[in-house]
Amino acid sequence: MKRMKYIWLSFVALFFLTSCDELDLAPEDYYGSGNYWKTEAQVEAAMQGVHISARSYYWSLFQMGELRGGTFRVGASMIGTSLDAQQVVTNALSEDVPGITNWGNGIYYVIFPLNQFISEVENNCSFLSESQRNYYLGQAYGMRAFYYFMLYRTYGGVPLITTPDVISSTAAEQLYVARATAEETLKLIKEDITTSETYFGSAASSSKIHWTPNATQMLKGQVYLWSAKVATGDHAAGGQSDLTIAKNAMQNLIGQYSLLDKFGEIFDTKHKNNAETIFAFRFLEGEAHCNQVGYFVAESRYFDGLFYTKEGKVMNDTLEVLNTSTHLLRYVYKWGLFESMNENDTRIAATFLPCYSQSIDTIAKDTTYTPAGLLYRKTLGSINATNNRIYDADWVVYRYADVLLTMAEIENGLGNSSSAADYINQVRARAYGHNGDVAGFRSAYPSEVYTAGSFAENELAILHERDKEFVLEGTRWFDVVRLRGDDGNSICFSAKAAYTDVDDDTKKPILDYATQSHMLLWPINTGVLNQNPLLTQTPGYPTNYGDRN
C-alpha cells in the first residue's frame, strides 16, 4: 500500500517511456511535476497515456469476462501441454485461489490516473478552451465508468476512489477504503456516464482507438441492460425502466456503423479502423503487440505432421496459425463450441482450425480421424518481413455486431420478441454471406433463420449467437451471468449453456445454483485483505478473517 501515493508519478513515467507512434505521445517538460499540466500538449499527452495504461490491462478484460464462461477445455492440450488458469476455467475459486488478484490484476492502476486527470482538468488547466476541456473530461469520465463497471460485474461493491487524495497521502490509515455497496458502486457508474454525456455534448465520434461519445453510449447500454437484469447485493434488478434507457442509448448507435461483409476482416491487420469497430485498443509491431494470443496456438515443432484434417490430409502449417515464438499451447476452446457452428457459417473458418488424430485398425485395414483439438485463428495478427508471426491485431472492445445483439436482448426483455429475432438474423445473415440482405439469407438458408420463441428461448438463441460471434472478445462469462434461463436465473446455472469436449460429452451447468450462487462474483485475494483492514470478503466465500464479515 505504501507505493499507492506514488502511483500517479509512476504512471506519468510509464507514459513518457512508452513508444507509441499511433497514439502520438509527445509530452513537454514532464520531468518536474511542478512544470506539468501547463499546456494543452501536456494534457493531450496525459490522456494518451491513460489510453496506453488501459491497453496494458486489456488481458484482464479477457480474464474477467471470458475465462469462467464454460467454453475452455480442462486438463491438457492436444500437444500435451498443461492448460493455464484451470482454477478459473473450472470455477474452483477461493480467497486463497482467487483466479485474479489485486482487483482484476490492477484495474485501479487505470482508475487512479483518471482521477488525477479529472481533478486537474476540471479545477485547473485554464489554458484549455471550453470544447477542449469538455471533450477531455467526457473521455475521462467515460473511461472511469468503464473500469468501475468491469469491477462491479466482477466483485459487486468495491472501494470507490474518485479523487487523487489517496495518491498523495502519507498516512497509512488514509489509504484504507472500505467496499461500497453494490448499489453505491452502480450509482457512481451511472453518474459518471451521465457526466461523460454532458461533457461530450454534441461532439462527434471519429476515433476508433480513443474513448468517444459513442463509446460512452455503448457503455451506457451495457450498464443499464445489466442493471435491468442482474440483482447484485443490495441492488435489485431494475427491469423495464432500465431496459428503456439501455434501448435509447443503443439506438443512438444504429446506422452510425455497419457490419463488414466478411467476418474475418474485422480483425485483419489490413482493415484496422473499419466501419464495424466502435472502440479498440491499438496494437502495432514495434510498439506493442498481443503476445498472449500466442498461447492459443502451437509451435511448428509440436504440430507439423502430427495432426490431420477431417478428410485425412496431413497438416503442415506454413504460418497460417502457428506460433513462431516460445509460447506453448495453453488455452484451448471446447470442441463443442466448434461443432455448434454450421459449416456454412463463415465464422467457423475465421475462428478455428480443427485438428484430428489418425487411428489405424490394422486388422480391419480401416483408418479413422477423430477430433483432437482446436487452434485459434481469429485475431492472430500478421506475418512480418522476417517471416515471424506478430500478434498485432487490435483488441476490439466494442463493435457494431454487439450493438445489434444487445438490442436483441433489450427487445426480448421488453417483450418485443419479433424485433429480437430480427436483430439476431441481421448478425446471422452476415455470417452466412448475406450481409445487409436478410431476405437473401432467408431464401438461401431457411433452416438457419431464427424464429422468435419464448423469452427463455430467445435468451438462449442470443447466447449462442454471441458465442459464435465473440470468441476471445471477453464477453462469454458476462453473457451467461446476465442472460436468463428457463427458471429466470442466470443461464450459467443451466446445462443449456454448456458445451461438450473431445473427451467429455457431458453437459452440465457452469455453476450449481444450490451451492455456488455466490460465485457469480469473484473472491478477493488474501493479499488485498491483509493490506486493508476495512475490507470484507465477497459474501458467500469462506474466509480466514473471522469477524471481517
Side-chain angles (χ1 to χ4, degrees), residues 57-74 83-94 97-101 103-105 107 146-156 158 182 219 222-223 225-227 229-232 292 295-296 331-334 336-337 340 351 376 378 395-398 402 405-406 409 459-460 462-485 489-499 501 507-513 516-524 538 540-541:
Y57 286 93
Y58 85 98
W59 200 243
S60 292
L61 308 186
F62 160 71
Q63 294 170 308
M64 298 161 74
E66 187 163 353
L67 264 180
R68 294 182 63 192
T71 55
F72 286 96
R73 173 181 284 191
V74 175
L83 297 175
D84 284 355
Q86 291 292 281
Q87 292 92 348
V88 181
V89 169
T90 60
N91 285 287
L93 303 181
S94 67
V97 186
I100 51 177
T101 60
W103 301 109
N105 292 332
I107 293 298
F146 175 84
Y147 283 102
Y148 268 120
F149 185 47
M150 289 297 299
L151 292 174
Y152 176 76
R153 288 184 291 180
T154 303
Y155 298 103
V158 298
L219 174 63
Q222 286 189 337
V223 166
L225 176 61
W226 190 277
S227 176
K229 300 180 73 173
V230 183
T232 304
Q292 288 92 334
Y295 291 115
F296 286 80
Y331 295 98
V332 179
Y333 282 95
K334 288 183 176 179
L337 176 58
S340 73
T351 306
Y376 171 81
K378 192 170 80 174
W395 179 271
V396 180
V397 179
Y398 292 142
D402 202 356
L405 291 178
T406 300
E409 191 174 343
E459 293 278 284
L460 185 62
I462 292 166
L463 174 65
H464 286 163
E465 202 64 35
R466 293 186 66 88
D467 288 347
K468 299 175 180 70
E469 187 76 19
F470 300 117
V471 174
L472 196 54
E473 294 186 52
T475 74
R476 217 285 169 157
W477 168 247
F478 294 141
D479 293 341
V480 296
V481 172
R482 186 187 65 253
L483 287 155
R484 305 288 101 182
N489 293 318
S490 293
I491 205 168
C492 69
F493 300 119
S494 169
K496 292 181 179 180
Y499 287 104
D501 203 0
K507 294 186 71 172
K508 56 184 179 181
I510 298 167
L511 295 178
D512 178 74
Y513 182 77
Q516 296 179 307
S517 294
H518 65 284
M519 295 185 73
L520 292 177
L521 299 176
W522 296 56
I524 303 173
T538 303
Y541 287 95

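Residue numbers count from 1 along this sequence. Atoms considered below: every heavy atom in the structure, side chains included; atoms not considered: hydrogens, waters and symmetry mates.
Residues Tyr499 and Asp467 have side chains in contact (heavy-atom distance under 4.5 Å, counting atoms from C-beta outward). Leu405 places a side-chain heavy atom less than 4.5 Å from the side chain of Glu465. For the pair Asn105 and Trp59, the minimum side-chain heavy-atom distance is 4.5 Å or more. A 4.5 Å side-chain heavy-atom check between Gln222 and Asp402 finds at least one atom pair inside the cut-off. Here the side chains of Ile107 and Thr154 are not in contact, with every heavy-atom distance at 4.5 Å or above. Side-chain contact between Thr71 and Lys334 is absent, with no heavy atoms from C-beta onward closer than 4.5 Å. Residues Arg476 and Ile510 are in side-chain contact: their nearest non-hydrogen atoms beyond the backbone lie under 4.5 Å apart. Ile524 places a side-chain heavy atom less than 4.5 Å from the side chain of Trp103.
Here Phe478 contributes atom CZ and Met150 contributes atom CE; the two are 4.0 Å apart, rounded to the nearest 0.5 Å. Phe296 CZ to Lys378 NZ: the interatomic distance, rounded to the nearest 0.5 Å, is 11.0 Å. Annotation: the span from Glu66 atom CD to Leu472 atom CG amounts to 5.5 Å, rounded to 0.5 Å. One finds the OH atom of Tyr148 at 15.5 Å from the CZ atom of Arg153 (value rounded to the nearest 0.5 Å). Of the inter-residue distances, the one linking Asp479 atom CG with Glu459 atom CD reads 10.5 Å to the nearest 0.5 angstrom. Ile491 CD1 to Lys496 NZ: the interatomic distance, rounded to the nearest 0.5 Å, is 8.0 Å.
The neighbour count for Lys507 NZ, taken as heavy atoms of other residues, nucleotides or ligands under 6.0 Å away, is above 12. Within 6.0 Å of atom CZ in Phe470, more than 12 heavy atoms from other residues, nucleotides or ligands are found, so the atom counts as buried in its surroundings.
Counting only N and O atoms by type, the side chains of Asn91 and Gln516 include no donor and acceptor under 3.5 Å apart. Using modelled atom types and a 3.5 Å distance limit, the side chains of Tyr331 and Gln292 yield no donor-acceptor pair. Judged purely by distance below 3.5 Å, without hydrogens or angles, the side chains of Arg482 and Ser490 never pair a donor atom with an acceptor atom.
Taking the six-membered ring for Trp and thresholds of 30 and 60 degrees, Phe62 and Phe72 have ring planes more than 60 degrees apart, a perpendicular arrangement. Taking the six-membered ring for Trp and thresholds of 30 and 60 degrees, Phe149 and Tyr152 have nearly parallel ring planes, at less than 30 degrees apart.
Of all the heavy atoms in Leu93 and Val88, the pair that sits closest is CD2-CA, 4.0 Å. Considering all non-hydrogen atoms of both residues, Pro509 and Ala495 come closest at CG-N, 3.8 Å. Minimum heavy-atom separation, Met519 to Trp477: O-CZ2, 3.8 Å. Shortest non-hydrogen contact noted between Val89 and Asp84 is CG2-O, 4.3 Å. Nearest heavy atoms, Arg68 versus Leu521: NH1-O, 3.9 Å. Contact detail for Gly104 and Ser60: the closest heavy-atom pair is O-OG, 3.1 Å.
Checked options Arg466, Lys229, Arg484; the residue passing with Glu409 is Lys229 (criterion: side-chain hydrogen bond (donor to acceptor under 3.5 Å, both in side chains)).
Using modelled atom types, no side-chain atom of Thr538 and backbone atom of Tyr155 make a donor-acceptor pair closer than 3.5 Å.
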